[in-house]
Number of protein chains: 2
Amino acid sequence: MTGTRSGKTRAQPLRSMAPTRRTARPAVVLDTLNGHLGYFIRRVQVWIFQDFIRALAQIDISPAQFSVLVVISANSGLSQAELAATLGIERARLARLLHQLQGRGLIQRLESSDDGRRHALQLTSQGRTLLTRAKTLAARHERQLIERLGVERHSMLLQALRDF
Amino acid sequence: MTGTRSGKTRAQPLRSMAPTRRTARPAVVLDTLNGHLGYFIRRVQVWIFQDFIRALAQIDISPAQFSVLVVISANSGLSQAELAATLGIERARLARLLHQLQGRGLIQRLESSDDGRRHALQLTSQGRTLLTRAKTLAARHERQLIERLGVERHSMLLQALRDF
DNA sequence: TATTGTTATACTCTATAACTATA
DNA sequence: TATAGTTATAGAGTATAACAATA
């Protein structure tokens, strides 16, 4: 097997996520995982989401809920199908997600006048208030992420992934 | 055994993942999501995993199963706790994951001589054969990813995310 | 017939807790 | 007491299918 033992590329990724090791065993080798973007992107995505959840824990808003509130707010009257397509969420899952948000009094579903099938989505005034707070907390989370990555690396990643 | 998890995922840029719109409504606005790395990293991670699953569908190996097989192969005799810590998988989940792989005859759990609690993990010869095939298919998946991203952007992402 | 939104099902993943056996 | 591994449970998330109302 091709363990990357020589040289400088012996990556020990995400050290902070693994518990401290105190054994005498040599560091575990990731072998060909080192060449797979999917492996590292998954690890970092999980880390970022956990940090986001912590950052917004006081208002109990998940990453998915945040993205839904932001897009409804910026596109008032959007239908569920449009919202689902925009965020890549299944229509079925979005229905339950919106049901929760409606139960918390954060959104309204108005019947569309020109198409009886559609629900025109809007934030309630309570939803607008909460979203303002959520954006503040999310911005703080992002600032810490920028501190950790460095400004240049953060914006490089943002651009590369946005253009994917 | 569960069947293949096929997905009809779109092999298109995220920007064009929204369905074609026939109305006069302007394009849906992402607002502050545009500044959040977590949003885009999640979208890309999901896309890459779906592509990986398609690429290895013929041998029914998921991303998590692949990472487990690779790391066991490169670190023979590893314990479950070490493997779990390396990959960031919960011990409880790893136990079930290994149970499946053992049921498929891909791995062995030998009792450690010096510590009766530990299981020394190894691939079976069948597991080694399958892993060779899996690595070939995964490498093909990665090459297509490189084609899509461009070599420089791929290695930039790999390094930035590995050093996270 | 196709689309919008809904409900239901199944499976995966994450996060715990509780348990055993070993140390 | 602490650790390694297991089992169980609950809650998200994902992927389908089927359905009613509407177009």
Side-chain angles (χ1 to χ4, degrees), chain A residues 17 19-23 25 42-43 45-47 49-50 52-54 57 60-68 77-85 87-102 107 109-121, chain B residues 1-10 19-23 42-43 45-47 49-50 52-54 57 60-68 77-85 87-100 102-103 107 109-121:
Chain A
M17 289 174 77
T20 47
R21 184 191 317 287
R22 43 158 190 54
T23 70
R25 178 188 281 279
R42 170 66 176 163
R43 295 295 302 257
Q45 180 262 306
V46 167
W47 191 96
F49 267 40
Q50 285 175 342
F52 186 95
I53 290 165
R54 272 196 305 272
D60 193 24
I61 292 292
S62 71
Q65 289 171 329
F66 179 72
S67 66
V68 163
L78 205 68
S79 74
Q80 294 187 196
E82 287 169 324
L83 179 56
L87 294 177
I89 301 175
E90 285 294 321
R91 266 174 22 224
R93 164 153 169 66
L94 182 61
R96 287 182 307 235
L97 223 161
L98 293 174
H99 188 73
Q100 291 179 329
L101 294 176
Q102 193 172 26
I107 64 161
R109 304 192 226 194
L110 307 178
E111 300 197 356
S112 180
S113 50
D114 51 322
D115 188 337
R117 297 169 301 181
R118 299 162 64 101
H119 294 176
L121 301 171
Chain B
M1 259 336 108
T2 52
T4 61
R5 53 189 110 174
S6 60
K8 324 178 172 184
T9 45
R10 295 158 287 221
T20 47
R21 186 185 319 287
R22 35 152 193 59
T23 70
R42 171 65 176 165
R43 297 294 302 256
Q45 180 262 306
V46 167
W47 191 97
F49 268 40
Q50 286 175 341
F52 186 96
I53 290 164
R54 273 198 305 273
D60 194 25
I61 293 293
S62 72
Q65 290 171 329
F66 179 72
S67 67
V68 163
L78 205 68
S79 74
Q80 294 187 195
E82 288 169 324
L83 179 55
L87 294 177
I89 303 175
E90 284 294 321
R91 266 171 27 216
R93 164 155 168 66
L94 182 61
R96 286 182 309 238
L97 224 161
L98 293 174
H99 188 73
Q100 291 179 328
Q102 193 172 25
I107 64 161
R109 304 193 226 193
L110 306 178
E111 299 197 356
S112 180
S113 52
D114 51 322
D115 188 336
R117 298 169 302 182
R118 298 163 64 103
H119 293 177
L121 301 171

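Proteins come first, then strands; the chains are lettered A, B, ... in the order of their sequence lines, and each starts at number 1.
Applying the ring pair (Phe, Tyr, Trp, His ring centres under 6.0 Å) test to B:Phe49 and every residue at least two apart in sequence or in another chain returns nothing. When the side chain to side chain contact (heavy atoms under 4.5 Å, CB included) test is applied to A:Arg109, the partners found at least two apart in sequence or on another chain are A:Gln80, A:Leu98, A:His99, A:Gln102, A:His119, A:Leu121.
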For A:Arg42 and B:Arg42, run side-chain contact (heavy atoms from CB on, under 4.5 Å): C-alpha distance rounded to whole Å, both residues' side-chain angles, the deciding distance at 0.1 Å, then the answer. CA-CA 8 Å; A:Arg42 170 66 176 163; B:Arg42 171 65 176 165; 3.8 Å; yes

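In terms of position on DNA chain C, the residue among B:Leu97 and A:Leu98 whose nearest nucleotide sits closer to the 5' end is A:Leu98. Mapped onto DNA chain D by nearest heavy atom, A:Ser62 and A:Glu90 fall at different nucleotides, with A:Ser62 at the one closer to the 5' end.
Across every non-hydrogen atom of B:Arg118 and B:Ser79, the tightest pair is NH2-CB, 3.6 Å. Contact detail for B:Ala64 and B:Leu97: the closest heavy-atom pair is CB-CD1, 4.2 Å. Between B:Pro63 and B:Ile53, the shortest heavy-atom contact is CD-CG1, 3.7 Å. Heavy atoms only, all atoms of each residue included: B:Gln65 and B:Ile61 are closest at OE1-CA, 3.4 Å.
Between C:dT9 and A:Arg96, no contact under 4.0 Å exists linking OP1 or OP2 to a side-chain N or O. A close approach under 4.0 Å does not occur between any side-chain nitrogen or oxygen of A:Arg109 and OP1 or OP2 of C:dT4. Remark: B:Gln80 is in phosphate contact with D:dT6, judged by side-chain N or O atoms under 4.0 Å from OP1 or OP2. A:Gln50 has no side-chain polar atom (N or O) that falls below the 4.0 Å cut-off from OP1 or OP2 of C:dT14.
For B:Ala95, counting side-chain heavy atoms from C-beta on, the closest listed nucleotide (C:dT6, D:dA4, D:dT6) is D:dT6.
Counting to the nearest Å, the C1' atom of C:dT6 and the CD atom of A:Gln100 are 15 Å from each other. The distance between atom CD1 of B:Ile89 and atom P of C:dT12, rounded to the nearest whole Å, is 14 Å. Between A:Gln45 atom CD and C:dC13 atom P there is a gap of 13 Å when expressed in whole angstrom units. One interatomic measurement links the two molecules: CH2 of A:Trp47 to C1' of C:dC13, which rounds to 21 Å at whole-angstrom precision. Here the P atom of nucleotide C:dC13 and the CD atom of B:Gln65 are 8 Å apart, to the nearest Å. A:Arg43 places its CZ atom 10 Å from the P atom of C:dT14, with the value rounded to the nearest Å. Regarding A:Leu78, its CG atom lies at a distance of 12 Å from the P atom of C:dT4, rounded to whole Å. Separating the CD1 atom of A:Ile53 from the P atom of D:dG11 is a distance of 16 Å, rounded to the nearest angstrom.
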Reading nucleotides 17-23 of chain C from the 5' end, what letters show protein touch, with B for base, S for backbone sugar-phosphate only, - for no heavy atom under 4.0 Å? -----BS

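Note on B:His99: nothing from the nucleic acid sits closer than 4.0 angstrom, heavy atoms only.
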